[in-house]
Amino acid sequence: MNKGFGQFEVWFVTGAQLLYGGDAVIAVDGHSNKMVEGLNNSGNLPVKVVYKGTANSSKEVEAVMKAANNDEKCIGIITWMHTFSPAKMWIHGLQQLKKPLLHLHTQFNREIPWDTMDMDFMNLNQSAHGDREFGHICTRMRIRRKVVVGYWQDAETQHKIAVWMRVCAAWADAQDMLILRFGDQMNNVAVTDGDKVEAEVRMGYHVDYCPVSELMEYHNQIKDEDTNALVEEYFRLYDHDASLEDKSTEAYQKVWNAAKAELALRAILKDKGAKGFTTNFDDLGQTDGSHFDQIPGLASQRLMAEGYGFGAEGDWKSAALYRSVWVMNQGLPRGCSFLEDYTLNFNGEQSAILQAHMLEVCPLIAAQKPRLEVHFLGIGVRKSQTARLVFTSKTGAGCTATVVDLGNRFRLIVNDVECIEPKPLPKLPVASALWIPQPNFEVGAGAWILAGGTHHSCFSYDLTAEYWEDYAEIAGIEMVHINKNTTISELKKELRFNEVYYMLNKALC
Ligand code: MN
């Protein structure tokens, strides 16, 4: 799986022209070099910025855009117009560009040197109008991009670039993403289904069915010594009752079988180059042949932490989205998980939704060391004692997201949430989180339902709606953001306006 963002770079292209003479362009080139060096040395950007020089003509612009398209390391382009770069020279290049675009509206000099400023200085510090000229052509051509305004040395400006870079990395990752479905959707469920062809056209990832019988061929190949070693690793990593290590017990056998299931899943995912998967509790292999004796929930928990996308009950959209969340979240401190709206708690202003799943919650969001436990699970084709990691999640602000298929388009629904302290659940030994959707339970949940959101979502403490805004912009999909300012009547209007917008903009549907 990915190890940070070291394999990626973002290109920095400075728009210029030769009107002010070659010396001016040389000076601008020097400024650009210093800016890129400053950005890279700030420690605030997760992806390396590579300066690609000034683009002074239509031919040069087109050449750098084509090169960006064909460079696998390049996940996006930052443009900055130091001065007046006549925007017609950008038309052909922008028509070619397939990579995400960030337009940085900044200036080499922070402040106006009031006493010494002359026309030469002006010629080197005129992004105030150059960036507007560039903005016009992007808007005229309906080019999707992020516009970041701010001084290039300021941490807030760099943070906005950093957010976009993480999204670009997830986007690049998704263009080469395979999701394997072990079994089909859970029967009759609408919201987790959708158009897999359109998903690939719009969001890049590819979804394949994989018979559970093929997974079982990998299961058959797993060696006992590897399974033993993984069980030892579980006991080292997780709190557990000492009795769980008693090899004569059913509980130990269930942990052992869960470890074998994890090894089989990881082996087939690696072998096929898949970045995510779905399971279905009604399809766990043939009882009279090789099969899982329990839902592979522990495996799903651990594979999610490792970066594999996961969606339960065949939910391939959540599997793909979780993988993207995990990529964006790399190196950030608080973690992410696939979650499900489980049970409501009506309690006045503290009314909240318990987030859990039968088993499959990622330990990256745990507030404490996860506990390895075995309990009976009476759902699915094989009702059984089942291994799982049990924990509660950190408190604090987070953001959750889902993608639904509305028939003529995908809609990304994002909700800011506040995770609060849960009470102990001695009779429900699963991992969980408890959150208040913003602006409050009634409006947040009501808005989510009106927008057609799933009961599954992909949650992160570290990602904010800004990430999702960048994601929706790059993908060209609708985004509905439910937040502290949301009111039901305004949201209803937004949904109606969007319906018309996407009907008229066929290219975006
Ligand atoms: Mn579910």
Side-chain angles (χ1 to χ4, degrees), residues 179-194 196 199 207 209 212 258 261 265 276-284 292 294-305 308-326 336-345 352-365 375-384 386-393 400-405 413 415 417 422 425 428-435 437 445 448-449 451-460:
I179 302 294
L180 288 185
R181 303 163 69 226
F182 300 113
D184 204 334
Q185 304 295 122
M186 183 177 168
N187 284 344
N188 285 312
V189 177
V191 75
T192 60
D193 215 336
K196 295 190 279 294
V207 184
Y209 168 63
V212 177
L265 278 163
F277 66 105
T278 68
T279 56
N280 185 321
F281 52 72
D282 274 331
D283 194 353
L284 300 173
F292 289 161
Q294 59 193 296
I295 294 173
L298 175 59
S300 301
Q301 291 185 289
R302 284 173 42 85
L303 288 165
M304 263 193 271
Y308 287 102
F310 173 76
E313 295 106 38
D315 184 355
W316 48 271
K317 293 198 300 302
S318 288
L321 198 65
Y322 175 76
R323 163 69 183 190
S324 292
V325 167
W326 183 87
C336 54
S337 181
F338 166 85
L339 283 169
E340 174 171 295
D341 297 304
Y342 218 56
T343 302
L344 308 178
N345 188 47
I353 312 172
L354 182 72
Q355 301 290 319
H357 204 264
M358 283 179 293
L359 305 168
E360 301 95 336
V361 178
C362 177
L364 290 175
I365 64 170
H375 300 281
F376 185 74
L377 183 63
I379 294 178
V381 68
R382 216 152 279 133
K383 298 165 185 35
S384 165
T386 305
R388 79 280 305 272
L389 294 176
V390 180
F391 53 85
T392 54
S393 303
T400 205
T402 189
V403 170
V404 293
D405 185 346
I413 305 165
N415 196 179
V417 301
L425 290 163
L428 185 73
V430 297
S432 66
L434 181 67
W435 74 43
W448 186 274
I449 287 169
T454 36
H455 53 286
H456 288 166
S457 68
C458 298
F459 166 77
S460 166

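Every number for a ligand or one of its atoms is a count from 1 in the order of the listing.
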> With a cut-off of 2.8 Å, does any N, O or S atom of H357 fall short of it relative to the Mn ion (ligand 1)?
Replying inline: yes
> Does any N, O or S atom of E313, backbone or side chain, fall under 2.8 Å from the Mn ion (ligand 1)?
Replying inline: yes
>> Are the side chains of S300 and F338 in contact, using a 4.5 Å heavy-atom criterion?
In response: no
> Would you call Q301 and H357 a side-chain contact if the rule is heavy atoms closer than 4.5 Å?
Replying inline: no
> Which distance, rounded to the nearest 0.5 Å, do you find between the CZ of R302 and the CG of L364?
Replying inline: 11.5 Å
>> Given the Mn ion (ligand 1) as the apex, I'd like the angle to NE2 of H456 and OE1 of E340, rounded to 10 degrees.
In response: 90°
> So which heavy atom on P422 is nearest to which on L434, and how close?
Replying inline: CA-CD2, 3.8 Å
